[in-house]
Amino acid sequence: MAAPAETTLSSSASDAVASVEMPRAARRDGTIAWVSRITFLVVALAIPLLFKNFVVFQFTQMLVYAIAILGLNLLTGFNGQFSLGHSAFYALGAYTAAIMMDQYSVSYIWTLPAAGVICFVAGFLFGLPALRLEGIYLALATFSLAIATPQILKLSPLEHWTGGVQGIVIIKPDPPPGVPLNQDQWLYYFTLAVGLLLYILARNLVKSRSGRALMAIRDNPIAARSMGVNLALYKSLAFGTSALYTGIAGALGAIIIQFVAPDSFTLVLSIAFLVGLVVGGVGWLPGAIFGGAFVLFVPNIAEGVSKGLSGAVYGIILILLIYLMPTGAAGFVRAVLSRLKS
Amino acid sequence: MSEVPPSTPPLLAVKEVAVRFDGIVALDGISFEIQKGQILGLIGPNGAGKTTLFNCLSRLYTPTSGDILFEGRTILDRPAHRISELGLGRTFQNVALFQHLSVLDNVLVGGHAKSRSDFVSDALRLPATRRGEAAMIREARDLIAYLELSEVADRVVAGLPFGTQKRVELARALASQPKLLLLDEPAGGLNHDEVGGLGRLIQQIRDDRNVTILLVEHHMGLVMSISDNVVALNFGKKIAEGPPALVRQEPELIRAYLGTGA
Ligand SMILES: Nc1ncnc2c1ncn2[C@@H]1O[C@H](COP(=O)(O)OP(=O)(O)OP(=O)(O)O)[C@@H](O)[C@H]1O
Ligand SMILES: [Mg+2]
């Protein structure tokens with residue numbers, strides 16, 4: 001496909017420039033990435049040593065939300081499927097942990113893989129019929145999941161396990177013997193470790209053949225099919241994996257709060273995840289931490305500004321943020337980085 | 001290329017394929033064959049049914065009747081996502097790239113069908129996964145270089161010029177190492193010089209990579225200069241078939257194109 005002479009000339013000129021600049025730019029990008037990672041780790045590791053227990057607990061809760069948002073991002077940001085039903089998977093994970101600890105005295109550590117597997121299966125199975133639904137219709141189907149969940153948790157035939165309206169109270173786990181941390185500090189580090197592991201796995205996934213297939217479906221499902229991508233399989237797997245993340249977050253949430261009850265898992269929670277996803281940046285994995293921070297702290301800040309009008313203040317903060325950073329923290333961070341480079 | 005011994009079974013045989021969309025007969029019992037190594041031009045005025053036929057070949061549509069044999073076996077029992085693995089690749093009339101992915105990632109998705117992986121090993125980045133990935137990236141970069149796209153390999157597709165995007169689609173289709181490549185109006189939107197280059201490129205792909213080509217194109221100069229055989233459609237019916245020199249003199253074809261400058 002011979003380009004006309006002018007384009008060939010100008011493009012080979014820009015090629016020459018690019019081939020000189022690219023490696024340097026790539027190296028600088030790599031350096032910035034490592035600097036941000038190390039900064040994050042140092043700050044994250046220092047938090048329990050700097051703050052009071054309640055604040056440490058809040059940061060733990062923020063990490064839990066971040067994990068849930070990470071899961072939602074895999075589904076919505078990378079595979080293009082909407083969900084208003086992630087409160088249901090969060091609840092399923094939370095109740096799995098609570099029931100295992102309360103009724104079967106299982107160690108909190110083992111509740112996480114169990115919650116993950118159960119939610120994966122639930123998400124995968126929900127994803128199968130949802131395959132026929134696109135966009136707004138899928139949002140409605142997941143919406144009904146969110147609406148039904150608290151009511152199902154209150155059903156009397158299930159009360160023996162779920163505790164009905166009362167919910168389940170569980171015991172706060174102690175740090176392993178010999179670890180010089182209090183319970184809040186330990187749970188923070190434990191959650192941080194789980195979160196980092198899940199983040200690395202998500203990052204590997206989106207940069208792999210499977211991840212590319214997910215994004216191909218998002219961008220052009222018909223072309224993806226013609227390239228050999230099994231849409232039914234990958235969309236269901238995306239649903240399952242997303243639910244797995246959110247379910248593990250739910251289990252961690254139950255463990256740190258030491259309590260589960262039906263009304264903590266309403267549609268409001270699903271929407272909070274969605275808001276966190278948008279604030280952090282759709283399709284940008286590190287955005288989850290910004291989203292988690294927003295979900296946890298902004299309602300408190302709003303309450304601090306005005307008790308009576310906290311909802312309105314929250315709304316104004318949200319609108320301002322979206323106005324200032326239309327693509328969430330993702331766009332903001334990118335803008336700052338390109339400022340740094342020039 | 002066209003003097004294949006008659007005993008060789010065709011690479012593709014389209015048999016009496018008909019497609020009806022409520023009311024419209026898009027294809028009305030089309031039959032033709034492609035021999036290995038050929039370039040077959042498929043022409044016809046707008047709405048003749050060319051893209052509909054392509055969509056049947058890639059199983060996006062199911063023919064109302066008729067059969068499609070690839071290497072002697074029907075493809076109608078396969079879902080669309082199991083066509084690429086047979087060695088049937090395609091491009092789309094209106095570029096259908098993954099707009100938010102880089103050129104490299106687009107080409108890598110093109111190779112999806114000839115690689116294997118699963119969520120668990122991909123998430124864990126097991127050594128085998130890493131080796132497979134490295135090999136796939138090497139192959140994709142070779143293909144990108146072959147199509148002179150190296151300069152934009154790591155750029156996101158959205159925002160690349162249309163002509164470049166068409167070439168990316170070609171690279172993506174070649175990534176599956178197809179035996180038969182379906183090109184739907186590859187010259188659409190290209191200027192005169194680019195069309196000349198495209199003709200040479202298509203022949204080069206056929207010769208270097210052993211790819212048989214089914215070419216849908218409105219650009220008569222291009223079709224007539226590189227095709228071994230031409231099939232002409234009009235209103236879903238085959239109206240002419242044969243070597244370019246003969247087909248261009250068919251009265252029916254001239255009538256079909258009357259006023260459209262054939
Ligand atoms: N999915 C569909 N539903 C209904 N009608 C369709 C569909 N796809 C194609 N058609 C109709 O089938 C006929 C053939 O269309 P097709 O796109 O195959 O033509 P074409 O030869 O590719 O034309 P062009 O040269 O304009 O691309 C047209 O009348 C078109 O409107
Ligand atoms: Mg067409």
Side-chain angles (χ1 to χ4, degrees), chain A residues 1-8 11-19 22 25-26 74 77-78 80 120 124 197-198 200-234 237-238 240-241 244 282-283, chain B residues 58-60 79-85 89-90 92 96-101 105-106 108-119 121-125 129 132-133 136 147-148 150-151 154 157 161 163 166-167 169-170 172-173 175-176 186 190-198 200-201:
Chain A
M1 220 174 279
E6 311 89 72
T7 11
T8 317
S11 61
S12 60
S14 67
D15 190 18
V17 175
S19 62
M22 270 305 277
L74 287 175
F78 291 87
F120 176 86
F124 187 87
L197 176 71
L198 289 174
I200 292 168
L201 294 179
R203 196 166 171 281
N204 288 345
L205 185 69
V206 301
K207 285 181 179 294
S208 72
R209 174 177 175 273
S210 303
R212 284 188 298 267
L214 293 179
M215 292 184 277
I217 293 171
R218 173 197 67 192
D219 282 5
N220 196 321
I222 291 176
R225 257 162 91 197
S226 296
M227 299 304 131
V229 177
N230 183 344
L231 256 63
L233 179 68
Y234 278 87
L237 283 173
T241 308
L244 177 147
V282 181
Chain B
S58 41
R59 294 293 290 113
L60 296 172
H81 67 266
R82 300 213 34 215
I83 292 299
S84 171
E85 68 189 23
R90 77 170 287 182
F92 293 83
L97 287 170
F98 310 119
Q99 289 289 329
H100 299 101
L101 301 190
D105 281 345
N106 268 275
L108 285 168
V109 176
H112 185 87
K114 67 178 181 63
S115 46
R116 289 279 157 267
S117 76
D118 57 82
F119 268 44
S121 50
D122 279 350
L124 294 174
R125 250 177 100 68
T129 314
E133 179 86 2
M136 281 168 71
L147 289 167
E148 297 172 14
S150 298
E151 201 182 312
D154 298 307
V157 160
K166 291 218 116 172
R167 232 167 341 142
E169 247 208 327
L170 198 50
R172 184 181 69 178
S176 63
L190 303 189
N191 65 34
H192 184 77
D193 293 329
E194 288 173 326
V195 171
L198 176 65
R200 285 189 294 281
L201 179 63

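Below, chains carry the letters A, B, ... as their sequence lines are ordered, and counting in each starts from 1.
Using a 4.5 Å cut-off between heavy atoms, A:R203 makes no contact with chain B at all. Contact annotation for B:L97: only backbone heavy atoms (N, CA, C, O) come within less than 4.5 Å of a heavy atom of chain A. If you measure heavy-atom distances from B:N106 to chain A, you find no contacts under 4.5 Å at all. Interface remark: B:L101 contributes backbone and side-chain atoms alike to the contact with chain A (heavy atom separation under 4.5 Å). Only the side chain of B:F92 comes within contact range of chain A, with at least one heavy atom under 4.5 Å from a heavy atom of that chain. Within the 4.5 angstrom heavy-atom criterion, atoms from both the backbone and the side chain of A:A224 approach chain B. Residue contact with chain B, scored on non-hydrogen atoms closer than 4.5 Å, involves the side chain of A:L214 exclusively.
The local environment of CD1 in A:I222 is sparse, with at most 12 non-hydrogen atoms from other residues, nucleotides or ligands closer than 6.0 Å.
Interface check for chain A: of the options B:E169, B:Q99, B:R82, B:E133, the most heavy-atom pairs under 4.5 Å are formed by B:E133. Annotation: maximal heavy-atom pairing with chain A below 4.5 Å, among B:I83, B:L108, B:L147, occurs at B:L108. Counting heavy-atom pairs closer than 4.5 Å to chain A, the top-ranked of the candidates B:E85, B:R116, B:R90, B:M136 is B:R116. Of the residues considered (B:S115, B:G110, B:P161, B:G111), B:S115 shows the highest number of contacts with chain A, using heavy-atom pairs under 4.5 Å.
At a threshold of 4.5 Å between non-hydrogen side-chain atoms, the residues B:H81 and A:L231 do not count as touching. Side chains of B:D122 and A:R212 form no contact here, defined as non-hydrogen atoms less than 4.5 Å apart. Counting only heavy atoms from C-beta outward, the side chains of A:M215 and B:H100 never approach each other to under 4.5 Å.
Ring orientation note: the planes of A:Y234 and B:H112 are nearly perpendicular, at an angle over 60° on the 30°/60° scale.
Heavy atoms only, all atoms of each residue included: A:S226 and B:S58 are closest at OG-CB, 4.5 Å. Shortest non-hydrogen contact noted between A:S210 and B:S117 is OG-OG, 3.5 Å. The minimum heavy-atom distance linking A:L201 with B:A123 is given by the pair CD2-O, 3.3 Å.
With rounding to the nearest 0.5 angstrom, the CG atom of A:L74 is 8.5 Å from the CZ atom of B:F119. Summarising the geometry, atom CG belonging to B:L124 is positioned 11.5 Å from atom CD1 belonging to A:I200; distances are rounded to the nearest 0.5 Å.
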